[in-house]
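To start, the structure under review is shown below, and the notes come after it.
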Amino acid sequence: LRVLYQGFEVKNESFFLRFGRAVVPMKIVLELDQYEWTVRLVDLWGLPPGVDIRPHLTSKEMDIPTVFFGVQRGNDTFLFTNLVPAKYLLQVSYKSFLVEQEFRIPTEEKSVVFPAEFPVSFRVLDSHGVSLDGVFIRLSRGGKTVDTLYNGSGSVISVPPGVYRVSVIYAGTVIGQRSLDVVGERSIDLITTHEPIFPLVVLLIGIVLILCGLCWSVIRKDLVYVLVFLVVSVAIVSLVCPWWSLQGVSSVIQTSSALYLVPLDLVSMTSTSQVVAGELSFFPDVFVTVMAIVVGMMVLGWCCLGGGLVVK
């Protein structure tokens, strides 16, 4: 008589069946000790895993290989039932990460740290799509946070898989915030509401040029100078101002899109009570070439106007 239970041989006995057993059946009682066992899984942050991970058990003492999966009893707790006394192997895997631990039942509850983590690279940009340095990137999850200083050359943070709140902080103010789902290696552009200073500088240069043209017109007693300087100033300022923009507002969300020539970016921003984030649109090569020709023609026009003034 051979009895198998959940892959284990729990009884192996030989006996003779005499003629009398045909009238009086033989009764065999088999008692098994069975146990429950609980395992608690946490990641490197000490939090429940942020992805679907199911630990399972197997044993080399099994005659028929069998896999037991735990029943989840909480965010980080799994229960295994009806386990016979034996030496088991606990396996927890996710993608290329694997944790194995051996133990013998009966035993106490175990806590297992699952070491999976993935690198996340960040690029922080201002509202014009220009790299922004001197800001802090903060990742938050489950009441825990990690901060890193972004120096403008890219920043990489390795974190366990899960859903994070990413905040960009400049001078103590949150200028960007979004949700980030980490299930593997990621590369993220963080568009912020920070306004660069160079558009203001270009605007001031344009105003100075207009004033210079006005003064030159008064001195030469010819309005053509102020008109020429006005056209050149407007053209220069247009390089750093949006060529077109689109905005939408509701009671809970605000969105906007703006196209800039320098740098050539189409920036879309979305703002809610929980999210302040944006994205860059990538242009085809033909569009980039056409816009480069436009800028070149504008520069050529400025040169022609300047040459005309010098000749005059």
Side-chain angles (χ1 to χ4, degrees), residues 1-118 139-146 158-165 180-185:
L1 175 64
R2 188 174 182 226
V3 180
L4 296 175
Y5 179 72
Q6 294 188 347
F8 291 96
E9 183 182 79
V10 295
K11 189 175 185 61
N12 192 337
E13 180 182 354
S14 299
F15 54 87
F16 294 99
L17 291 176
R18 301 182 181 278
F19 178 76
R21 292 299 181 185
V23 179
V24 181
M26 182 177 65
K27 182 178 180 181
I28 298 178
V29 178
L30 178 62
E31 294 184 358
L32 293 176
D33 292 328
Q34 295 179 306
Y35 299 90
E36 293 184 349
W37 181 70
T38 302
V39 60
R40 180 174 177 265
L41 291 181
V42 295
D43 59 20
L44 292 176
W45 281 27
L47 300 173
V51 291
D52 186 18
I53 299 177
R54 293 194 62 190
H56 58 273
L57 298 177
T58 186
S59 176
K60 295 180 179 179
E61 298 179 10
M62 293 178 176
D63 289 78
I64 300 177
T66 305
V67 178
F68 306 115
F69 289 93
V71 178
Q72 191 165 359
R73 295 298 188 185
N75 292 331
D76 59 354
T77 304
F78 295 83
L79 176 65
F80 294 88
T81 60
N82 302 325
L83 298 178
V84 299
K87 189 175 184 180
Y88 290 86
L89 176 66
L90 172 68
Q91 293 181 323
V92 186
S93 63
Y94 180 74
K95 293 191 173 181
S96 61
F97 294 90
L98 174 64
V99 173
E100 294 183 333
Q101 288 190 12
E102 285 189 334
F103 60 94
R104 180 168 291 278
I105 292 294
T107 188
E108 297 179 351
E109 174 183 330
K110 283 186 176 291
S111 182
V112 176
V113 177
F114 192 63
E117 61 178 3
F118 299 97
L139 272 74
S140 305
R141 172 172 160 255
K144 296 192 175 183
T145 62
V146 59
S158 294
V159 294
V163 179
Y164 294 83
R165 172 71 61 184
L180 177 63
D181 189 6
V182 178
V183 294
E185 186 174 351

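By the 6.0 Å contact criterion, CG on Asn75 is open, its count of non-hydrogen atoms from other residues, nucleotides or ligands being 12 or less.
Side-chain contact between Leu90 and Tyr88: absent, with no pair of heavy atoms (C-beta onward) separated by less than 4.5 Å. Contact of the Leu47 side chain with the Val42 side chain is not registered, since no non-hydrogen atoms from C-beta on lie closer than 4.5 Å. By the 4.5 Å heavy-atom criterion applied to side chains, Leu4 and Glu9 are counted as neighbours. Side-chain contact check for Leu57 versus Leu89: every heavy-atom pair is 4.5 Å or farther apart. In this structure, Ile53 and Val92 have side chains that are in contact, with non-hydrogen atoms separated by less than 4.5 Å. Side-chain contact between Pro161 and Phe118 is present, with at least one heavy-atom pair separated by less than 4.5 Å.
Here the CH2-CZ distance, from Trp37 to Phe80, works out to 6.0 Å after rounding to the nearest 0.5 Å. Taking OG1 of Thr77 as the reference point, atom CZ of Arg73 lies at 10.5 Å (rounded to 0.5 Å).
Looking at every heavy atom in both residues, Ala86 comes nearest to Phe8 through CB-CE2, 3.6 Å. Across all their heavy atoms, Gly70 and Phe78 have their closest contact at O-CD2, 4.2 Å. The two residues Asn82 and Gln6 come nearest to each other via the heavy atoms O-OE1, 2.8 Å. Taking all atoms of both residues into account, the shortest heavy-atom contact from Pro115 to Leu44 is O-CD1, 3.6 Å. Closest non-hydrogen pair, Val163 versus Arg141, comes out as O-CD, 3.5 Å.
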Checklist entry - Checking side-chain contact (heavy atoms from CB on, under 4.5 Å) for the pair Val51/Tyr94: CA distance, chi angles, key distance, verdict? => result CA-CA 9 Å; Val51 291; Tyr94 180 74; 3.8 Å; yes

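In this structure, Thr81 contributes its side chain and Leu79 its backbone to no donor-acceptor pair below 3.5 Å. In this structure a side-chain-to-backbone donor-acceptor pair under 3.5 Å is present from Ser59 to Lys87.
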Distance-only donor-acceptor pairs under 3.5 Å for side chains of residues 95-114, two or more places apart:
{"from": "Lys95", "atom 1": "NZ", "to": "Val183", "atom 2": "O", "distance (Å)": "2.6"}
{"from": "Glu100", "atom 1": "OE2", "to": "Gln91", "atom 2": "NE2", "distance (Å)": "2.7"}
{"from": "Arg104", "atom 1": "NH2", "to": "Glu61", "atom 2": "OE2", "distance (Å)": "3.2"}

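Under a 4.0 Å N-O distance rule, the pair Asp43/Lys144 does not qualify as a salt bridge.
Here ring-ring contact (aromatic ring centres under 6.0 Å, His included) pairs that include residues 43-66, with residues two or more places apart or in two chains, are Trp45-Tyr164, His56-Phe69.
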